[in-house]
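A quick write-up on the structure given underneath.
In the text below, chain A, chain B and the rest are named by the order of the sequence lines, each starting its count at 1. All heavy atoms count here, side chains included; hydrogens, waters and symmetry mates do not.
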Protein chains: 2
Amino acid sequence: MGFYIGLVHYPVYNKHGETIASAVTTLDLHDLARLARTYEVDRCFVVTPLEDQQRLAERVKAHWTDGYGALYNPNRKEALELLTICGTLKEAKDTITLQEGRSPLVLATDASPEGVKTLGYQEARGMLERAGGVFLLFGTAWGLEARSMAEADFVLEPVRGRGEYNHLSVRAAAAIILDRLLGRDG
Amino acid sequence: MGFYIGLVHYPVYNKHGETIASAVTTLDLHDLARLARTYEVDRCFVVTPLEDQQRLAERVKAHWTDGYGALYNPNRKEALELLTICGTLKEAKDTITLQEGRSPLVLATDASPEGVKTLGYQEARGMLERAGGVFLLFGTAWGLEARSMAEADFVLEPVRGRGEYNHLSVRAAAAIILDRLLGRDG
């Protein structure tokens, strides 16, 4: 099974519920790439239509895969190599479809999905075993826009801790969700 | 049961295995505080003996708890309030002992513990139910020094994903470990 993740910067919401293209956070690129490597994810797509942000992401990747960073920290090279920067979600999905020979199952994540059928983690794990390929989407800023959410096959349940508070960073949420779906809990 | 975490900047290792005091990463303060709030951790101690780094951490905290940030994002205020900045691990542990009326069980985390008896997550969850208070330590930079490791009651098993690679950021590792110990996986 091919497993792919997307770090989506457009279309996402800002604090006021308006659709925006968020800025790339370089630390997110590192954290998501290291998670991808740890959980043997096939590829992490960094989705942004903004060309300057694409260039920023490409520069970070190149520093660690071809530049000084590759010598300084080879572990980081192994991780950052998994990043592919692209302009749209559709472009990412098409790449996966080409790779896998069929459309992936698209799973969106959201801290507070409204009016959507959400999928629990146990259910999702069962589904992964049968799926050909999976594309798991993480929204930056205030989360994925409803449009992307609607295009997903399912939305995963929000991560809950011990209470009702669920305002995690995308880095932390991605870590928890990947571990719940793919981790081996000792 | 009181549950406490420590984000330790000293004593930790650098890339070359030398003991250092690492710099505070402000994003770590946010991510750890948000995780602490999500998993209803009683307090997150930010441990650094460097006074300028203590001031930096205090300034970040104050911005979000008393300053403009508290109005801008009240969810962040709830999280950052859980931070206590202190100079040494001993100071943090004494504060917990005072609070709980007895010493906490100290659990260290490490990406590659050597020659130490490690504790699995299932075992650890069982232990939590019986423990009076727990103090869970996360090392920054290249991880907690052997000295702190030796003072811990147990060291948790390294987080493994699907392979052998385990070079996660402290933010991602903390997210996964807290979810494994305290999360309710749907």
Side-chain angles (χ1 to χ4, degrees), chain A residues 1 3 15 25-28 30-42 72-79 82 111 118-125 142 156-186, chain B residues 1 3 15 25-28 30-42 72-79 82 111 118-125 142 156-186:
Chain A
M1 173 200 66
F3 198 100
K15 189 180 192 309
T25 302
T26 62
L27 211 73
D28 285 353
H30 285 266
D31 280 15
L32 271 280
R34 293 161 81 180
L35 282 164
R37 181 66 190 82
T38 300
Y39 289 94
E40 299 191 344
V41 166
D42 292 277
Y72 178 74
N73 189 342
N75 293 323
R76 205 58 71 87
K77 174 181 156 77
E78 274 186 61
L82 295 174
T118 60
L119 195 66
Y121 292 88
Q122 208 172 335
E123 262 178 306
R125 277 194 302 273
W142 267 255
L156 286 174
E157 272 179 12
V159 170
R160 298 277 179 203
R162 295 206 284 183
E164 290 308 308
Y165 185 95
N166 67 341
H167 305 280
L168 290 170
S169 68
V170 69
R171 301 171 288 281
I176 294 164
I177 291 169
L178 284 171
D179 192 59
R180 287 186 179 185
L181 293 179
L182 302 173
R184 293 168 308 181
D185 180 348
Chain B
M1 175 200 64
F3 198 99
K15 190 179 190 314
T25 302
T26 62
L27 211 74
D28 284 354
H30 285 265
D31 280 15
L32 270 281
R34 293 160 82 179
L35 281 164
R37 180 68 189 80
T38 301
Y39 289 94
E40 299 192 344
V41 166
D42 292 279
Y72 178 75
N73 189 341
N75 293 323
R76 204 57 70 88
K77 173 180 157 77
E78 273 186 60
L82 295 174
T118 60
L119 194 66
Y121 291 89
Q122 207 172 336
E123 265 179 304
R125 276 194 302 274
W142 267 255
L156 287 175
E157 271 179 12
V159 170
R160 298 276 177 205
R162 293 205 285 183
E164 290 308 308
Y165 185 95
N166 67 340
H167 305 279
L168 291 169
S169 68
V170 68
R171 301 170 289 281
I176 293 163
I177 291 169
L178 285 171
D179 192 59
R180 287 187 179 185
L181 294 179
L182 302 172
R184 294 168 307 182
D185 180 348

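- Here CG of A:D179 is found 8.5 Å from OH of B:Y121. Values are rounded to the nearest 0.5 Å.
- Per-residue counts of heavy-atom pairs under 4.5 Å with chain A were compared for B:V159, B:L27, B:N166; the largest is that of B:L27.
- Of all the listed residues (B:K15, B:E164, B:H30, B:E78), the one sharing the greatest number of non-hydrogen pairs under 4.5 Å with chain A is B:K15.
- The candidate with the highest count of non-hydrogen atom pairs below 4.5 Å against chain B, out of A:A33, A:A173, A:G163, is A:G163.
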Query raised in the report: Yes or no on side chain to side chain contact (heavy atoms under 4.5 Å, CB included) for A:S169 and B:R34, after CA distance, side-chain angles and deciding distance?
Result: CA-CA 8 Å; A:S169 68; B:R34 293 160 82 179; 3.6 Å; yes
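- For A:Y165 (side chain) and B:E40 (main-chain N/O), no donor-acceptor pair under 3.5 Å exists by modelled atom type.
- Your options are A:D31, A:V41, A:I177, and the one with the most heavy-atom pairs under 4.5 Å with chain B is A:D31.
- Considering CZ of A:R162 and OG1 of B:T38, their distance stands at 11.5 Å, rounded to 0.5 Å.
- Taking CG from B:D28 and CZ from A:R171, the interatomic distance works out to 8.5 Å, rounded to the nearest 0.5 Å.
- Note: B:N73 CG to A:H167 NE2 = 8.0 Å, rounded to the nearest 0.5 Å.
- Across B:A172 and A:A175, no two heavy atoms sit closer than the pair O-CB, 3.7 Å.
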